[in-house]
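Residue numbers start at 1 and run along the sequence shown. Every value quoted in this text rests on a predicted model; they were computed, and no experiment measured them.
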Amino acid sequence: MKNKLKLPVPEKDFWVFAYGSLMWRPGFTFAETRTARIYGYHRHLCVWSWRYRGTVEKPGLVFGLMRGGSCVGRAFRVAAGDTVATVDYLHEREMVGDVYRPCLRPVRLDDGSRVEALAFVVKNNHSQYAGKQPAHIAAGIIKGAHGPQGSNVEYVMETASQLDTMGVRDAALAQISRMIGAEARL
């Protein structure tokens, strides 16, 4: 099947793994959503956002999947008839700066079953790769960044809120959220 990501996405239902804004603003049609865990990667504010949640002059920080550990997020099942449109949409949204590597990875759904899902893993040799910033530095960057999609604080707090509603504890995100402060609450 032809798609902009040039991945072997099957002509049947497939899954997308979300760990940041895709969890609370997927922007594509899906048939089902489940809590899921990907192994071998963890969520981290490690990508400079020059387009969505910041600018080139004052970049924000957004999430990427980095090697190591595991990450709980959402898995969206996309029906066969929506696969090409969904993959093309995700290409336009996630591959703007080419900072992510789209790949198919196994994830475990909340019922214990395993599925292969499309995930976006950060390229650690890319100019937008911010690496692991100390929490107090990351919080300062986030507080001062705003882009066409809104404030960087909103992005972080929406992600934290989504994880909270799912019953997921992300210690690193909780620490950053506390540092951003009560004035940042949505």
Side-chain angles (χ1 to χ4, degrees), residues 16-28 30 33-76 90 93-94 96-97 99-101 105 107-110 117-124 126-186:
V16 175
F17 180 75
Y19 55 89
S21 63
L22 279 176
M23 289 192 302
W24 43 272
R25 192 176 53 85
F28 57 86
F30 56 91
T33 183
R34 306 286 292 274
T35 299
R37 181 181 296 268
I38 190 169
Y39 292 92
Y41 301 94
H42 66 281
R43 172 184 21 256
H44 199 79
L45 287 159
C46 63
V47 176
W48 294 116
S49 179
W50 299 336
R51 180 173 179 205
Y52 291 124
R53 298 296 177 155
T55 63
V56 173
E57 298 79 20
K58 196 159 186 75
L61 285 172
V62 295
F63 292 106
L65 282 178
M66 294 176 68
R67 288 226 177 257
S70 68
C71 175
V72 177
R74 288 217 179 270
F76 295 93
L90 289 170
R93 176 174 169 166
E94 301 297 324
V96 172
V99 68
Y100 297 111
R101 181 174 44 86
R105 291 290 180 261
V107 300
R108 180 172 288 202
L109 302 179
D110 54 6
L118 174 61
F120 292 89
V121 176
V122 68
K123 295 178 183 176
N124 62 4
H126 194 279
S127 61
Q128 280 182 264
Y129 177 67
K132 288 195 172 199
Q133 302 290 322
H136 70 284
I137 300 291
I141 292 166
I142 292 162
K143 280 181 166 182
H146 193 281
Q149 291 294 318
S151 76
N152 202 183
V153 167
E154 175 189 37
Y155 168 85
V156 171
M157 298 307 286
E158 284 283 359
T159 303
S161 176
Q162 180 64 206
L163 291 172
D164 188 50
T165 63
M166 295 166 56
V168 175
R169 172 109 170 99
D170 183 315
L173 181 53
Q175 180 183 23
I176 294 285
S177 296
R178 282 190 305 274
M179 291 178 157
I180 290 171
E183 73 276 3
R185 299 271 179 228
L186 298 174

Please report the shortest heavy-atom distance between [X] and [Y], naming the atom on each side.
X      : Y      : value
Ala75  : Leu109 : CB-CD2, 3.7 Å
Leu65  : Ala119 : CD1-CB, 4.2 Å
Ile176 : Ala138 : CD1-CB, 3.7 Å
Pro59  : Ile141 : O-CG2, 3.5 Å
Gly73  : Met23  : CA-SD, 3.8 Å
Ser151 : Glu154 : OG-N, 2.9 Å

### Query
Between Gln162, Arg93, Glu158, which is the residue that forms a side chain to side chain donor-acceptor pair (under 3.5 Å) with Ser21?
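Single side chain to side chain donor-acceptor pair (under 3.5 Å) partner of Ser21 among Gln162, Arg93, Glu158: Arg93.
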### Task
Applying side chain to side chain contact (heavy atoms under 4.5 Å, CB included), run through Arg37 and Val107 and close with a yes or a no.
CA-CA 5 Å; Arg37 181 181 296 268; Val107 300; over 6 Å; no
### Query
Partners of Tyr39 by ring pair (Phe, Tyr, Trp, His ring centres under 6.0 Å), sequence neighbours excluded?
none
Do [X] and [Y] come close enough that some side-chain heavy atom pair is under 4.5 Å?
X      : Y      : answer
Ile142 : Tyr155 : no
Asn152 : His146 : no
Leu22  : Leu90  : yes
Arg67  : Tyr41  : yes
Phe63  : Cys71  : no
Leu163 : Arg43  : yes

Distance, nearest 0.5 Å, that separates [atom1] of [X] from [atom2] of [Y]:
X      : Y      : atom1 : atom2 : answer
Arg74  : Phe17  : CZ    : CZ    : 11.0 Å
Gln175 : His136 : CD    : NE2   : 10.5 Å
Thr33  : Met166 : OG1   : CE    : 7.5 Å
Lys132 : Leu45  : NZ    : CG    : 11.0 Å

Determine yes or no for a side-chain-to-main-chain donor-acceptor pair under 3.5 angstrom, with [X] supplying the side chain and [Y] the backbone.
X      : Y      : result
Asp110 : Arg34  : no
Ser177 : Leu173 : yes
His44  : Ala172 : no
Gln128 : Trp48  : yes
Arg53  : Gln149 : yes
Tyr52  : Gly60  : no

### Query
For Phe76 and Phe28, what are the C-alpha separation, side-chain angles and deciding distance, and is it a ring-ring contact (aromatic ring centres under 6.0 Å, His included)?
CA-CA 10 Å; Phe76 295 93; Phe28 57 86; 5.5 Å; yes
### Task
Dump the intermediate steps for ring-ring contact (aromatic ring centres under 6.0 Å, His included) on Phe120 and Tyr19, then the final yes or no.
CA-CA 9 Å; Phe120 292 89; Tyr19 55 89; 8.2 Å; no
